Amino acid sequence: MKLQHFLPAALIFLLLSCGNNNSNDSNDAGSPSATIVPAAIDYTVVKTYPHDTSSYTQGLIWHNNTLYEGTGRVGYSKLAKIDIETGKASQQQFNAKNEFGEGITILDNKIYQLTWENHKVYVYDAESFKKLQEFAWPYEGWGITTDGKNLIISTGGSNIYYVNPSDFKILRTVGVTDNYGPVDNINELEYINGFIYANKYLTTYILKINPETGTVTGRLDLKDIFQKSGKTYDAGMIPDPTEDVLNGIAYDSAKNSLYVTGKQWPLLFEIKIN
């Protein structure tokens with residue numbers, strides 16, 4: 001997701017917290033029976049790559065040795081295959097001018113792309129980007145991933161939804177909680193080795209979530225990622241630090257690496273979890 005410009009960060013937090021924890025996106029799955037304090041997850045930066053600063057990143061996927069990116073903003077939203085060494089798109093498909101693109105995932109060689117407030121989900125052939133299907137989605141679209149069978153979707157609140165990819169019906173709802181209670185602003189998702197990893201919007205955190213209980217079991221803080229990569233952080237490198245925040249997680253199972261970036265960031269980071 002995201003709100004565009006002119007709102008201070010504190011107000012954005014307030015609006016998102018109030019707007020997304022409504023009756024149709026409440027934490028209806030309940031709290032876990034035992035309180036678990038999320039473990040701090042450490043990481044190492046392996047390498048950095050260029051990232052297109054015009055890309056308002058909403059989703060990343062690593063598939064068949066290729067990076068796919070979905071971007072947002074009305075008039076600029078697109079789906080693209082990215083040359084990781086240059087950061088440039090080798091193939092791209094733009095959304096309609098009135099659409100705000102969101103998260104992407106790939107299942108059975110099909111790309112699923114959410115939209116934010118348009119309530120549409122697009123399905124493309126992963127090779128040709130030919131549009132195959134279109135589904136309606138009743139909530140806002142934020143992040144999407146897959147466990148290899150189902151689609152898993154976030155909507156900006158504290159719920160994640162398991163969805164049937166053939167008809168887009170909701171199969172079950174899982175409420176995300178930590179030791180303080182429900183966790184909202186769940187955004188971009190990635191399913192890794194039996195856990196859901198999620199960007200928490202407007203923070204530097206990636207959360208590790210147990211998909212059965214919704215419990216946050218670990219927290220990866222990337223606030224120092226520029227420094228850890230040996231790059232000098234310059235706030236001017238990111239157009240709007242209150243909006244152009246960390247977002248985007250792709251997992252390369254062959255290398256056991258994560259690729260992470262942010263909205264309009266100049267760099268894509270390859271990291272390994274320690």
Side-chain angles (χ1 to χ4, degrees), residues 1-2 46-73 76-96 99-116 120-135 137 141-154 163 165 187-193 196-199 206 246-271:
M1 173 250 149
K2 296 43 145 255
V46 176
K47 190 175 179 180
T48 62
Y49 305 87
H51 182 248
D52 186 350
T53 55
S54 71
S55 293
Y56 195 76
T57 305
Q58 303 291 67
L60 287 179
I61 290 292
W62 186 261
H63 178 72
N64 287 344
N65 208 38
T66 301
L67 184 69
Y68 293 74
E69 183 173 22
T71 73
R73 296 191 303 154
Y76 299 92
S77 297
K78 68 178 184 292
L79 169 69
K81 287 182 183 179
I82 304 297
D83 182 335
I84 193 171
E85 295 297 335
T86 67
K88 302 298 183 183
S90 60
Q91 184 178 348
Q92 57 189 8
Q93 172 73 42
F94 281 88
N95 291 77
E99 292 180 345
F100 195 119
E102 284 287 342
I104 62 170
T105 196
I106 298 177
L107 177 62
D108 295 332
N109 209 40
K110 297 176 182 178
I111 302 173
Y112 293 79
Q113 181 195 34
L114 300 175
T115 57
W116 177 26
K120 295 178 181 179
V121 182
Y122 296 112
V123 186
Y124 306 93
D125 178 83
E127 297 302 320
S128 66
F129 284 9
K130 178 183 177 181
K131 181 180 170 182
L132 303 175
Q133 286 176 287
E134 180 179 326
F135 292 106
W137 178 243
W142 284 45
I144 184 170
T145 188
T146 178
D147 60 4
K149 178 182 178 182
N150 305 304
L151 299 172
I152 306 170
I153 297 175
S154 67
V163 174
N187 200 5
E188 151 78 336
L189 305 176
E190 184 79 357
Y191 192 87
I192 305 171
N193 298 327
I196 298 169
Y197 286 72
N199 285 119
I206 292 176
L246 180 75
N247 204 48
I249 313 167
Y251 179 59
D252 181 351
S253 59
K255 296 170 67 175
N256 195 30
S257 290
L258 295 181
Y259 297 103
V260 298
T261 191
K263 301 171 185 296
Q264 302 187 119
W265 281 20
L267 295 173
L268 173 81
F269 300 86
E270 180 183 350
I271 68 172

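For clarity, every value in this text was computed on a predicted model and none was experimentally measured. Start at 1 with the first residue, then count along the sequence.
- Among the candidates Thr48, Ile82, Leu60, the single residue satisfying the side-chain contact (heavy atoms from CB on, under 4.5 Å) test with Leu268 is Leu60.
- Heavy atoms from other residues, nucleotides or ligands lying under 6.0 Å from NZ of Lys131 number more than 12.
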Report the C-alpha separation of Glu102 and Lys120 in whole Å, then their side-chain angles, then the decisive distance to 0.1 Å, and conclude whether the salt bridge (charged side-chain N to carboxylate O under 4.0 Å, His left out) test is met. CA-CA 10 Å; Glu102 284 287 342; Lys120 295 178 181 179; over 6 Å; no
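- One side chain, Gln58 or Lys263, offers a donor N or O that lies under 3.5 Å from an acceptor on the other.
- Note on ring orientation: taking the six-membered ring where Trp is involved, the planes of Phe269 and Trp265 are perpendicular (angle over 60°, cut-offs 30° and 60°).
- Taking NZ from Lys78 and CD from Gln91, the interatomic distance works out to 13.0 Å, rounded to the nearest 0.5 Å.
- Between Asn95 and Gln113 there is a side-chain heavy-atom pair separated by less than 4.5 Å.
- Here the CD1 atom belonging to Ile196 is positioned 10.5 Å from the OG1 atom belonging to Thr146, to the nearest 0.5 angstrom.
- Separating the CH2 atom in Trp62 from the OH atom in Tyr259 is a distance of 4.0 Å, to the nearest 0.5 Å.
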Determine, step by step, whether Tyr49 and Leu67 satisfy the side chain to side chain contact (heavy atoms under 4.5 Å, CB included) criterion, reporting the C-alpha distance in whole Å, the side-chain angles of both residues, the deciding distance to 0.1 Å, and the verdict. CA-CA 12 Å; Tyr49 305 87; Leu67 184 69; over 6 Å; no
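- In the model, Ser54 has a side-chain atom that pairs as donor or acceptor with a side-chain atom of Asp52 under 3.5 Å.
- Here the straight-line distance linking atom CG of Leu79 with atom CD of Glu69 works out to 9.5 Å at 0.5 Å rounding.
- Checked options Gln264, Glu188, His51; the residue passing with Thr57 is His51 (criterion: side-chain contact (heavy atoms from CB on, under 4.5 Å)).
- With rounding to the nearest 0.5 Å, the separation of CD in Glu134 from OH in Tyr124 is 8.5 Å.
- Between Asp125 atom CG and Asn109 atom CG the span is 5.5 Å, to the nearest 0.5 Å.
- Each of Ile152, Ile104, Ile153, Leu151 was compared with Thr145 under the side-chain contact (heavy atoms from CB on, under 4.5 Å) criterion, and only Ile152 meets it.
- The shortest side-chain heavy-atom distance between Ile61 and Ile111 does not fall under the 4.5 Å cut-off.
- The environment of Phe129 atom CZ is dense: over 12 non-hydrogen atoms of other residues, nucleotides or ligands sit within 6.0 angstrom.
- For the pair Ser77 and Gly101, the tightest heavy-atom approach, listed with the atom from each and the gap, is OG-N, 2.7 Å.
- Here the side chains of Leu107 and Tyr112 are in contact, with some heavy-atom distance below 4.5 Å.
- Taking both residues in full, the closest heavy atoms of Tyr197 and Ile249 are given as O-CD1, 3.9 Å, listed atom of the first, atom of the second, then distance.
- Side-chain atoms of Ser154 come within 3.5 Å of backbone N or O of Asn187 as a donor-acceptor pair.
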Are Thr105 and Leu189 close enough, and set up right, to give a side chain to side chain contact (heavy atoms under 4.5 Å, CB included), and what steps lead you there? CA-CA 9 Å; Thr105 196; Leu189 305 176; over 6 Å; no
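- Here the side chains of Tyr122 and Thr115 are in contact, with some heavy-atom distance below 4.5 Å.
- Between the side chains of Ser257 and Glu270, at least one donor N or O lies within less than 3.5 Å of an accepting N or O.
- At a cut-off of 3.5 Å, with distance as the only test, a side-chain donor of Tyr251 or Asn256 sits close to an acceptor on the other residue.
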